[in-house]
Amino acid sequence: MLFVSSTLMWAYPVEAAILIGRQYGFAGMEVWAEHVWFHRSSPLEIRDAAKRTGCKLTLHAASWDLNLCSLNQGIREQSIQEVRRSLDLAKEIGAASVTIHPGRVTLSAKTRGWHEPILIDSLNRLAREAMDRGLTLSIEHIEPLPKELVVTPEELNRLRAALDYPTTATFDIAHVPLNCSLTSFYHELENIDKIHISDATAEKLHVPLGTGSIDLETIWPLIWEKERPIILEGWDNSRELSVLKQNLLYLEQSHCVSF
């Protein structure tokens with residue numbers, strides 16, 4: 001099922017983006033919580049738009065400016081609260097699966113041992129709350145930046161195994177280093193319930209498909225093996241939707257998917 005990220009239509013409120021996405025042939029949308037709050041959209045209007053168009057929804061929890069295992073307790077607790085708000089939003093709009101970003105170290109990688117148990121505690125609280133709401137909490141691996149804690153399949157698998165409540169994994173092809181095997185990364189990552197697709201260069205992530213250096217042809221057949229959301233990602237603030245159209249042109253010309 002090919003979904004589109006609401007952030008590719010940032011200039012439009014989510015309830016309007018759903019209509020646009022369906023017009024372009026997408027089966028569903030991953031709604032970003034910040035997108036809803038930025039436009040002050042009504043969750044009921046979003047739910048109604050999805051129902052009227054037959055659009056399936058997932059949700060990406062708040063992640064910008066947050067850190068679930070920050071050294072600063074106030075920031076840590078506020079980050080948990082923002083993700084909790086995201087869980088409530090998912091329930092309101094009818095999105096059953098919620099992707100979240102794990103935390104990162106505050107100072108240096110040498111403090112990893114302090115941050116990891118804090119991250120597990122924060123995620124346990126959120127995974128329990130997701131379960132209580134009947135939601136699936138899906139944890140995403142992040143690009144390999146110096147302060148990130150969860151960048152490899154092993155790290156995400158180990159983190160999820162340490163939790164007391166069930167979670168799944170979000171696989172993002174743009175977060176895999178260009179010098180790593182995409183197929184090996186995919187096979188090593190356990191219990192994937194959704195996949196984010198975009199291209200990447202050495203300098204920039206989430207560029208339009210076909211404009212970066214990711215070997216898309218090797219991973220494409222694998223990610224369609226199972227019935228699950230494949231979410232086209234990116235960010236576009238133009239009302240002309242130029243980035244979205246650039247992605248669609250690649251998909252059509254490469255015969256990757258039929259609309």
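Positions are given from 1, in the same order as the sequence printed here.
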Assess, by modelled atom type and distance only, whether the side chains of [X] and [Y] contain a donor and an acceptor separated by less than 3.5 Å.
X: Thr170; Y: Ser138; value: yes
X: His196; Y: Glu233; value: yes
X: Ser5; Y: Glu30; value: no
X: Ser97; Y: Lys194; value: yes
X: Thr99; Y: His60; value: no
X: Ser41; Y: Glu15; value: yes

[X]/[Y] ion pair, N-O < 4.0 Å:
X: Lys91; Y: Glu129; result: no
X: Glu92; Y: Arg47; result: no
X: Arg84; Y: Asp88; result: no

Self-check item: Full working for side chain to side chain contact (heavy atoms under 4.5 Å, CB included) between Val243 and Trp235
Solution: CA-CA 8 Å; Val243 176; Trp235 190 84; over 6 Å; no
Hydrophobic clusters here meaning ILVMFWY residues chained together by side-chain heavy-atom distances under 4.5 Å, can you tell me if [X] and [Y] are in one?
X: Val36; Y: Val98; answer: yes
X: Ile142; Y: Leu189; answer: no
X: Val4; Y: Leu19; answer: no
X: Leu222; Y: Trp224; answer: yes
X: Tyr250; Y: Trp220; answer: yes

Practice problem: Report the C-alpha separation of Met9 and Asp236 in whole Å, then their side-chain angles, then the decisive distance to 0.1 Å, and conclude whether the side chain to side chain contact (heavy atoms under 4.5 Å, CB included) test is met. | Solution: CA-CA 6 Å; Met9 292 171 263; Asp236 187 359; over 6 Å; no
At their closest point, which heavy atom of [X] faces which heavy atom of [Y], and how far apart are they?
X: Val83; Y: Ala62; value: CG2-O, 4.0 Å
X: Ala109; Y: Pro146; value: CB-O, 4.4 Å
X: Gly210; Y: Leu216; value: N-CD1, 3.8 Å
X: Ile139; Y: Arg160; value: CD1-CG, 4.1 Å
X: Leu87; Y: Ala130; value: CD1-N, 3.9 Å
X: Leu126; Y: Ile80; value: CD2-O, 3.8 Å

So does [Y] get a backbone contact from the side chain of [X], meaning a donor-acceptor N/O pair under 3.5 Å?
X: Lys245; Y: Glu240; result: yes
X: Ser122; Y: Leu68; result: yes
X: Asn157; Y: Glu188; result: yes
X: Ser86; Y: Glu82; result: yes
X: Asp193; Y: Thr168; result: no
X: Ser238; Y: Leu241; result: yes
X: Glu155; Y: Val151; result: yes
X: Ser79; Y: Ile75; result: yes
X: Thr211; Y: Pro208; result: yes
X: Asp199; Y: Leu209; result: no

Does any non-hydrogen side-chain atom of [Y] lie less than 4.5 Å from one of [X]?
X: Leu232; Y: Phe3; answer: no
X: Met1; Y: Arg228; answer: no
X: Leu159; Y: Ile120; answer: yes
X: Tyr186; Y: Ile192; answer: yes
X: Ile197; Y: Leu2; answer: yes
X: Trp114; Y: Leu71; answer: yes
X: Met131; Y: Leu137; answer: no
X: Asp172; Y: Leu205; answer: no

[X] side, atom [atom1]; [Y] side, atom [atom2] - distance, nearest 0.5 Å:
X: Leu8; Y: Asn247; atom1: CG; atom2: CG; answer: 6.0 Å
X: Ile214; Y: Ser198; atom1: CD1; atom2: OG; answer: 6.0 Å
X: Glu34; Y: Thr7; atom1: CD; atom2: OG1; answer: 10.0 Å
X: Leu123; Y: Arg128; atom1: CG; atom2: CZ; answer: 12.0 Å
X: Met29; Y: Thr53; atom1: CE; atom2: OG1; answer: 9.0 Å
X: Arg52; Y: Asp48; atom1: CZ; atom2: CG; answer: 4.5 Å

Quiz item: Counting only heavy atoms not in Glu225, do more than 12 fall under 6.0 Å of its CD?
Solution: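 Check passes, neighbour count above 12.
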Quiz item: Going through the checks in order, is the ring pair (Phe, Tyr, Trp, His ring centres under 6.0 Å) test met by Tyr12 and His39?
Solution: CA-CA 8 Å; Tyr12 297 87; His39 286 277; 8.5 Å; no
Quiz item: If you group Ile, Leu, Val, Met, Phe, Trp and Tyr whenever their side-chain heavy atoms sit less than 4.5 Å apart, what else falls in with Leu66?
Solution: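 Taking Ile, Leu, Val, Met, Phe, Trp and Tyr as members, Leu66 stands alone, with no cluster partners.
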Quiz item: Is it true that His141 and His101 have ring centroids separated by less than 6.0 Å?
Solution: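 Distance test on ring centres: not under 6.0 Å, no.
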Quiz item: For residues 61-77, which residue pairs qualify under side chain to side chain donor-acceptor pair (under 3.5 Å), counting only residues two or more places apart or in two chains?
Solution: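 Applying side chain to side chain donor-acceptor pair (under 3.5 Å) to every pair that reaches into residues 61-77, excluding sequence neighbours, yields Glu77-Arg125.
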Quiz prompt | Check against side chain to side chain contact (heavy atoms under 4.5 Å, CB included), Phe171 and Leu182 | solution = CA-CA 10 Å; Phe171 174 51; Leu182 261 180; 4.1 Å; yes
Quiz item: Run the side chain to side chain contact (heavy atoms under 4.5 Å, CB included) check on Thr106 and Thr111 step by step: do they pass?
Solution: CA-CA 8 Å; Thr106 299; Thr111 61; over 6 Å; no
Quiz prompt | Partner residues of Phe38 under the ring pair (Phe, Tyr, Trp, His ring centres under 6.0 Å) criterion, sequence neighbours left out | solution =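 If we apply the ring pair (Phe, Tyr, Trp, His ring centres under 6.0 Å) test to Phe38, skipping adjacent residues, the hits are Trp10.
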